[in-house]
Asker: 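Quick one: structure below, then a few questions.
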Amino acid sequence: MRRCVGRKWRKSRLFIFMSALAFFCLVIRYAKVCENICLSTTEPSAPQTNRQRLTEQHGINCSDIYDMDPVALGKSLSLRRRAVPVLDDEDIANATSDCGLYLASKGYRSVHTSAAEQEFPLAYSLVVHKDAAMVERILRAIYVPQNIYCIHYDLKSSPHFIAAMKGLAHCLPNVFISSRLERVQYASITRLLADLNCLSDLMESPVKWKYAINLCGQDFPLRSNAELVEELKALKGASMLESVRPSELKKQRYSYRYELKNAQSQYHQIPVKTDQAKPPPPHNIQMFVGSAYFTLSREFVSFVQSSPLVKDFLSWSEDTYSPDEHFWATLIRFPGIPSEVLPSHPDISDMLSKTRLVKWQYMEGSLYPSCTGIHVRSVCIYGAAELRWLLNEGHWFANKLDPRVDPVLVECLEEKLEERQRGMSTAH
Ligand SMILES: *[C@@H]1O[C@H](CO)[C@@H](O)[C@H](O)[C@H]1NC(C)=O
Ligand SMILES: *[C@@H]1O[C@H](CO)[C@@H](O)[C@H](O)[C@H]1NC(C)=O
């Protein structure tokens, strides 16, 4: 929850506004300075299309970025100080109105996959609410024809965003919109339901996928499809989830009832703690906490859908705080769930689980090198100097990436993953 939607809407709105203001001032200042000093050396940034990549326009070689070449990193930093134009939701909606042109221009038709990948299809649940251009890039980075992709957009999303998501689903036969859509309220059960809605649609798909993975709008893959398939095969049917023993603070999230209250408007509600204690979880379930992000085997998802115990646990979770952060973490320890992790098994931290690589500000320097992008609510939005680390750290997906923070990182990740996909799918 915390990772994709703002922790506190009020604060985050203010923060975004202040950041935007600061950024705007910086841009103005930079533009003024440039006008006076370096007018002759700067080219204007043209709108980004697939053929005119920013890195190409500005002579940045992604292999040099990967090799931490100081000149290339310097160029990426100066690019960050500019107002790099990003496509808005309406542009994506427009782009997908002509599917033939859209698919050809984005390279969808030249995706190569090996026989090994074709025999091991994957399913994705994309729970997104804004920034269609980024969603389109995530989808393109994980797209292969044999996989199946469910998009859950928020009922609160803007009409242009919704049109863009429908456009993507219309152009790609193995991409569809969830048959049931939620009005997703931060830290509430609706976030969990969005994924569950997609999972139940995915189970009904004719594609007999082996694993289901959920992503949000600020995630990005760190493995090509070919690489991911190899790593998932090595799990031998096990799921990959964070699952740790709860702190006393985290226990508060489900030992009291929470009620949805309006944050700023009727559209934005947050769960607020009441003084009513909740009964313990049904069936003596032992609680664990973790992340909202999962890599689940088909058998695991099938169990989740048919088990009356899971159903009871889900209803009990309805009035808890951010149930997505204890639901999956607890289920993997459930007696009898496929490839169950015993409650006595040690904690599976976010560093042990390969599902999502998140860089927390307070762990920088001890668990991982410092963030080279910016921090938003203690989470790093990665910068280009982290490209090598991200790709070699061992995780499968990263959170968070934003082309507005560092456009070079996203482009170079796209390029590196394409290279790896080509290399591996033809090597087999
Ligand atoms: C980037 O650099 C690598 C190695 O230094 C080189 O092989 C490659 O051709 C370069 N790419 C471009 C687009 O110049
Ligand atoms: C999208 O297309 C419509 C009609 O084709 C056009 O009026 C509108 O300006 C376009 N919007 C953008 C952002 O290109």
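In each ligand, atom 1 is the first atom listed, and ligand 1 is the first ligand listed. Just so it is clear, the structure is predicted and the values come from calculations on it, not from any experiment. Numbers here simply count residues along the sequence, with the first being 1.
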Asker: Using the rule side chain to side chain donor-acceptor pair (under 3.5 Å), only one of Glu419, Lys416, Glu415 pairs with Ser63; which is it?
Answerer: Lys416
Asker: Can you check whether a protein heavy atom sits less than 4.0 angstrom from atom 14 (O) of ligand 1?
Answerer: yes
Asker: Between Tyr368 and Glu386, is there a side-chain donor-acceptor contact under 3.5 Å, judged purely by atom types and distance?
Answerer: no
Asker: Do the side chains of His268 and Lys156 get nearer than 4.5 Å, heavy atoms only?
Answerer: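 A side-chain contact exists here, since the closest heavy-atom pair is under 4.5 Å.
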Asker: Among all protein heavy atoms, pick the one closest to atom 4 (C) of ligand 1 and tell me residue, atom and distance.
Answerer: Ser63 CB, 4.4 Å
Asker: Could you tell me whether the side chain of Asp350 reaches within less than 4.5 Å of the side chain of Tyr293, counting heavy atoms only?
Answerer: no
Asker: Out of Ile65, Asn61, Asp64, whose heavy atom sits nearest atom 3 (C) of ligand 1?
Answerer: Asn61
